[in-house]
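Take a look at the structure set out below.
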Amino acid sequence: MTGRPDGRPEPPLDKAYDPQPVEAKWSARWRAADLFHAEPGAGGKPFVVVIPPPNVTGALHVGHALDNALQDLLIRYQRMQGRPVCWIPGTDHGGIATQSVMEKQLKAEKLTRHALGREKFQARMQAWTKQCKSVILGQLERLGCALDWRREAFTMDEDRADSVFEAFKALWERGLVYRGERMVNWCVRCGTALSDIEVEFEERKGRLWHIHYPAADGSRGPVVATTRPETMLGDTAVAVNPKDARYRDLAGKKLRLPLAGREIPVVADDYVDSDFGTGALKVTPAHDPNDLEIGRRHGLASVTVIAPDGRMTEAAGAAYAGLSREAARDQVVADLQAAGLLEKTQEHPHSVGVCYRCNQPIEPLLSWQWFVRMEELAKPAMLALDSGRFRLYPGSWAKPYRDWLAQIKDWCISRQIWWGHRIPVWYCVGCHGERIKTDFHQVEGARGVLSRRQPESCPVCGGAEFVRDPDVLDTWFSSSLWPFSVFRWPARTPELKFFYPTSLLVTGYEILYLWVARMQMMGLALTGEVPFPEALIHGIVRDKHGKKMSKSLGNVVDPLVMMDKYGTDAFRFSLIVQAYPGKDIPFAESSITGSRNFANKLWNSTRFVLMNLAGTPAAALESVDRGRLELCDRWILDEYQRTLALVRERLNAYEPAAAAEALYRFLWDRFCDWYVELAKIRLQGSEEAARAAARAVLAAVLDGTLRLLHPFMPFITEELHAALAPCMGAAAKPGGFIVETGLPELAADWTDEEARREMGVVMEAVTALRSLRAQLGLPPGLAVRVVAAGGSAAARELLRKRSAYVKALVRAEALSYAEEGVRPPFSATAVAAGMSFFVPLEGLIDFGQERERLRKELVKVEAELAKISAKINNPDFLARAPAAEVELSRSQHDAARQRHDRLKDTLRMLSE
RNA sequence: GCCCAGUUGGCGCAGCGGUAGCGCGUUCCCUUGACAUGGGAAAGGUCAUAGGUUCAAAUCCUAUACUGGGCACCA
């Protein structure tokens, strides 16, 4: 340590916290020490979390940062409580989302996946995945995540493929997967079917076209209303409600379908709402789920006019075939208008189902797909919820979760894309004919053989030529197995035995049904256990105006930029401190600034303590004689103890924001603003025993605060702990890394109501005097004399003993006492803690102003007094409120009364 | 249409039965040996509206309005 020119020792830390080097250093050391690797079997019940695997679609966003900051917080917290922890890292192949990222890249190269072919496409996907994984894992490490890096998993690697096949097989054998022809949600852009939850509904501006359908005999027919005129080419009936008097004699008649020219019947069906539109409904069984039902009830034909690629088919007629559905709509409307059949057009906003990946309108299409029967799977999941074996935090999610399970529909799991687990079913060409090779999704009732590899021969016809189901599984299928596939289920590994079921899942509510519910169902169905007994469901990170972040809005915040600018700890803390249960987070940069400042405050309070420990290490708190501690020591220890309890309580209840806030306020408002300032009195004094006591308390409280803060801010606390430990002497806790030192615990009970009360008096007096100084505009450097008068004997005695506190904090050179009723001449007055404080200011004070100031003060106190008086004079209150409450109100009343009287007295004296 | 959540100082949020708090912002003063990423002081709210329960309501109940969200949808 080199000396400074002025002879004082060089401070042990820089003046401001510089996060970058600190983060790099500790990331590397944690990794090198393999600090968060867990082996099965050791040390009691483990705390296990599987990461919600990010899709390999690019870099992480702020939402991931929040999710992982919360997990890391809880992992480190549990670890510090002495539990073995295991947090599994990994990524998800991400199906459609990832494939469309690749397709965009191909498009930029003027390529398509079809031009490339399935195999080459796969190869490119693999390469991309590899690159993307390392970016994502790197970001997680940068965030400080205490992941067990040796256990990294990917939803599409070999081990996970075993799990997926086994799961599919188990469901197949139990008759829970089936291939069926259904009206599915088809995304024209993605070229695949989607499950119901992958469709989002958006309110969009639309129109309602009223079209006249003439009767076959040439007479006037009904007018139908539709939002999708292009589908009329596939109409096979018009339906009306049987009770609708307007159409009573129409049912059973034939109509001439405009543009197409064919005859279609009018059918009567209860489904039709007479009040909507014209009360006559065009029926297109091939392109609308409800129309399909009507068609089935009335034995109607089905004419497919829109192909899976979104273009019109031959069946739509020569004039339209090949047009996109949008172009066909315009053409149909124009043609109808030309034919004089378009009665009118209305604006008609309505909700449109769109693809959750690409936002394009969904096309309902009839096709053969794989489904999972969900009802049977949902029942155990509901039971787990009802019996408390599975709990959601916050509990407000339980109802929506349950409602969703109760009305669950079968899950379409086949996707017509190339990136994913291929469906392990093979079809014999001998049995199904050549068509199975080219027109797979239209082949009715195809029966496949379940196998991972091509079967030897067909069990029916003995043929040896097979085609594999070209489809892949929904990416969420493999995700739903994640809590046990990461431990290589179905293999009965030691990991599976020790780490499964996991302890907690942390994720956002946007995938509650998509993922959380399905993991519960699959876990219960395949392993017989709830995969995690608790789930912490957090909100979404939005922009500062509360809008969803999206690339198109340009309001996306890049976590790396934030970490570079403010440091990882500040970034994490700002997310956690806003993560109140059930709330979305409006993310403003100003909130990270606040956390950055907090980190710096922490840094500097350690810097201060270090400066005072250098050379003379602190004694352990336990070894300090309690009689050597003075008021502020007892007070801060009481506050500290409360904070420890509160933080633990909040974290155990999964309320991290409240825990973070408690720590923030303890460190800043209590420790720094009051305790450190008061400790300075002794530290700068000459009495060695007093200095030692202050050092011991400073060291103990700071050290514990650092450890308690570590799960929130891992890097800075590690750095500061490393700097502090060598200076702590006997007070140092054993352990290398801070996470190994455990959570702070108190050897003794430091509850101290008396210290709280007495510090309260000191703080009140100090605040009142500071306020007085500011209001009088006294320069901060000007030392004043304070004369106190009145108050209880106890309060006087307290202030006499603690006059050093008051003097130091209000920059007073003297604090003396006057007889009640004596007021030093030319003085300003503050009233607090039941007494008056006079500050003599001969020549500096304008009595007119001083009177005015005190009058304003009096108005406030009068209002307060009136309120509290009304309360304690209310007989009902006295009769019915609890005694303690009455007592409290009385003492409040007395305090207000005293304050009031003192102000009045002072004013009277000033007026004389 | 049904269900849920929210509505608290300029902005963002706590509090959820006993006299309204925090962060950011604003105003004033201060480069004093941890920290100007700091210290001190101040201004600013009839806690959406209307009823009700209670000795006492931001907090419980009931309506209403607005804002989000979920579910189901009538073309």
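Throughout, protein chains are lettered first and strands after them, A, B, ... in sequence-line order, and every chain is numbered starting at 1.
The pairing partner recorded for B:G51 is B:C61, the criterion being a Watson-Crick or G-U wobble arrangement whose two distances lie under 3.5 angstrom. Base-pair partner of B:G25: not found among the strands shown (Watson-Crick or G-U wobble, both distances under 3.5 Å). The partner of B:G1 is B:C71, judged by Watson-Crick or G-U wobble contacts that both fall below 3.5 Å. The base-pairing partner of B:G9, taking Watson-Crick or G-U wobble contacts with both distances under 3.5 Å, does not exist among the strands shown.
Comparing atom distances between the A:L281 side chain and each of B:A14, B:C24, B:A75 picks out B:A75 as nearest. Ranking B:A34, B:A72, B:C55 by closeness to the A:P882 side chain, first place goes to B:C55. Residue A:R607 has its side chain nearest to B:C35 when only B:C35, B:A41, B:G39 are considered. Which of B:U37, B:G18, B:G23 sits closest to the side chain of A:E885 comes down to B:G18.
Within 4.0 Å of A:P586, counting heavy atoms only, lie sugar-phosphate atoms of the nucleic acid but no base atom. Counting non-hydrogen atoms under 4.0 angstrom, A:D273 reaches a base of the nucleic acid. If you check every strand for non-hydrogen atoms under 4.0 Å, A:K565 touches nothing.
Considering only side-chain N and O atoms, A:S590 lies nowhere under 4.0 angstrom from the phosphate OP1 or OP2 of B:C11. When the side-chain nitrogen and oxygen atoms of A:K860 are compared with OP1 and OP2 of B:U19, none of them lie within a distance under 4.0 Å. Contact annotation: A:Q407 reaches the phosphate of B:A72 (side-chain N/O to OP1 or OP2, under 4.0 Å). Listed pair A:K583 / B:G15 fails the phosphate criterion, with no side-chain N or O lying under 4.0 Å from OP1 or OP2. Look at A:K601 and you'll find a side-chain N or O under 4.0 angstrom from OP1 or OP2 of B:G39. Of the side-chain N and O atoms in A:W668, one or more sit less than 4.0 angstrom from OP1 or OP2 of B:G39. At B:C35, none of the side-chain N or O atoms of A:N597 fall inside 4.0 Å of OP1 or OP2 (strictly under the cut-off). Phosphate contact (OP1/OP2 of B:A5, side-chain N/O of A:K399, threshold under 4.0 Å): absent.
The existence of a salt bridge linking A:E589 and A:K565 is confirmed by a sub-4.0 Å separation between a basic side-chain nitrogen and an acidic carboxylate oxygen. Salt-bridge check for A:K867 with A:E864: failed, with every basic side-chain N at 4.0 Å or more from each acidic carboxylate O. Using a 4.0 Å cut-off between charged side-chain N and carboxylate O, A:D403 and A:K399 make a salt bridge.
Here the P atom of nucleotide B:G33 and the CG atom of A:N612 are 14 Å apart, to the nearest Å. The separation between A:D196 atom CG and B:C71 atom P is 11 Å, rounded to whole Å. Here the P atom of nucleotide B:G39 and the CG atom of A:N604 are 10 Å apart, to the nearest Å. The distance from atom CG of A:D669 to atom C1' of B:G21 is 11 Å, rounded to the nearest whole Å. Here the C1' atom of nucleotide B:C35 and the CG atom of A:N600 are 6 Å apart, to the nearest Å. For the pair A:Q684 CD and B:U32 C1', the interatomic distance rounds to 10 Å; values are reported in whole Å.
Note: A:Y654 and A:Y393 have perpendicular aromatic rings, judged against thresholds of 30 and 60 degrees for the angle between ring planes.
Side-chain atoms of A:N600 do not come within 3.5 Å of backbone N or O of A:A16 as any donor-acceptor pair.
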